[in-house]
> 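Handing you this structure, nothing more for now.
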Amino acid sequence: MNKAELKAEIAALKKRHKAVILAHNYQVDEVQEIADYTGDSFALSKLAASITAEVIVLCGVRFMAESAYILSPDKTILQPDIQAGCPLAESINPEGLEAKKKEYPEAAVVCYVNSSAEIKALSDICCTSSNAVEVVNSLKEREVIFVPDKNLASFVAVYTDKKIIPWEGCCATHNEVTVDDVYKLRNLYPDGVVTVHPECRSEVTALADHVGSTNQIIKFAKETAAKKIIVGTEIGTLFKLKKDNPQKEFYLLSRKLICPDMKLNNMAKIKDALTYMQHQITVPDRIRKPAFRSLNRMLQVKMKRVV
Ligand code: 13P
């Protein structure tokens, strides 16, 4: 099947199954092109909770499909490539978190949405990269165990007077960006502005003009007067950035900004997902219910920055 045939087949299958396609900003271009909605983790969570559809094809990684199911268990959640996981989410297990909670019994537990359903179930509240500061500052506790991303934890620590106790995980892709990359690109494009994701190392975020989730980066790029924008997040984000701003130029901070898991989905796998209703993602109720509480509590937190 060529691309046009695949597209037509997917459209017919979507109609037949009352399905929508949600795609993360890191998905390959062909997936973002046919998606009904694209967005960051926060936007996709909100959509999963509110959208009217019987089937959601979640093009992202495992924790995103799990979150969609936790928020909308009455819908069928399909993940086109079942192998698409998140090594950061896998860097913490329930035993590790329980041990940390015993060490700091007074602390609240905030888990980054890049975590398993089990970790969400053991946490007080979830956050995404777009609302981590607001979520932490919304808590009454003075101490916060922040899992599993140490870089996002460091970013939050700058904007709160609470004691942040980080887990030692990180995103292998964003963690590759170095201060030398920032200096190099700033030298090449002295009139450019630098926008990075908070999963980057703290020394990198400290050098940036703007730090935000992928949707916040997309918003910043639209609003800035700068014509050259240096981007410190996964390469897939360039699709929307270029589409929204044809008159601007975008430069990726590092060639290493490619998440292999996010690249696993494609149009052919979406067609198969809708043809065979595969791969259905579910979470048992004993985990789903406490995980829902953490995710839903996050959705109630007031945001300062609009996404
Ligand atoms: P956002 O979806 O919040 O931009 O974060 C990206 C991400 O989670 C990839 O690891």
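Remember, it's 1-based here, ligands and their atoms both numbered in the order they're listed.
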> Below the 3.5 angstrom mark, is there an N/O of Ser213, backbone or side chain, next to an N/O of ligand 1?
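Not met; the criterion fails.
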> Which is it for Phe42 and ligand 1 at heavy atoms under 4.0 Å: side chain, backbone, both or neither?
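Under 4.0 Å from ligand 1, Phe42 contributes no heavy atoms.
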> Answer with side chain, backbone, both or neither: which part of Leu44 has a heavy atom less than 4.0 angstrom from an atom of ligand 1?
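Neither part.
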> Could you check atom 9 (C) of ligand 1 against the protein and tell me its nearest heavy-atom contact, residue, atom and distance included?
Tyr26 CE1, 3.1 Å
> When the ring planes of Tyr189 and Tyr251 are compared, do they come out parallel, tilted or perpendicular, using 30° and 60° as the limits?
parallel
> If you count heavy atoms of other groups shown closer than 6.0 angstrom to NZ of Lys18, is the number above 12?
no
> Are any of the N/O atoms in Ser129 less than 3.5 Å from those in ligand 1?
yes
> Can you check whether His24 has an N/O within less than 3.5 Å of an N/O in ligand 1?
yes
> Is it true that Met277 and Ile77 fall in one hydrophobic cluster, defined by side-chain heavy atoms closer than 4.5 Å?
no
> Is the CD atom of Glu5 crowded by more than 12 outside heavy atoms at less than 6.0 Å?
yes
> Can you label the angle between the His174 ring and the Tyr26 ring as parallel, tilted or perpendicular, going by 30° and 60°?
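Tilted, since the angle between the ring planes falls between 30° and 60°.
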> For ligand 1, which atoms, with element, lie under 4.0 Å from some heavy atom of Thr214?
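Result: 1 (P), 2 (O), 4 (O).
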> Establish whether Val113 and Leu139 are linked, either directly or via other cluster members, by ILVMFWY side-chain heavy-atom contacts under 4.5 Å.
yes
> State whether Asp161 and Arg142 are salt-bridged, where the test is any N-O pair (Lys NZ or Arg NE/NH1/NH2 against Asp/Glu carboxylate O) under 4.0 Å.
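Looking at Asp161 and Arg142, the cut-off is met.
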> Classify the contact between Glu199 and ligand 1 as side chain, backbone, both or neither, using a heavy-atom distance cut-off of under 4.0 Å.
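Answer for Glu199: side chain.
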> Evaluate Asn215 for polar contact with ligand 1, using N/O atom pairs at a separation under 3.5 Å.
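The answer is no, given that Asn215 and ligand 1 share no N or O pair closer than 3.5 Å.
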> Starting from atom 8 (O) of ligand 1, what is the nearest protein heavy atom, named by residue and atom, and what distance separates them?
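For this ligand atom, the closest protein heavy atom is Asn114 ND2, 3.1 Å.
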> Report yes if some N/O of Asp40 lies less than 3.5 Å from some N/O of ligand 1; otherwise report no.
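It does not: no N or O of Asp40 is found under 3.5 Å from an N or O of ligand 1.
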> Is there any N or O on His197 that sits under 3.5 Å from an N or O of ligand 1?
yes
> Within the 4.5 Å heavy-atom criterion, are His210 and Val193 side-chain neighbours or not?
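Not in contact.
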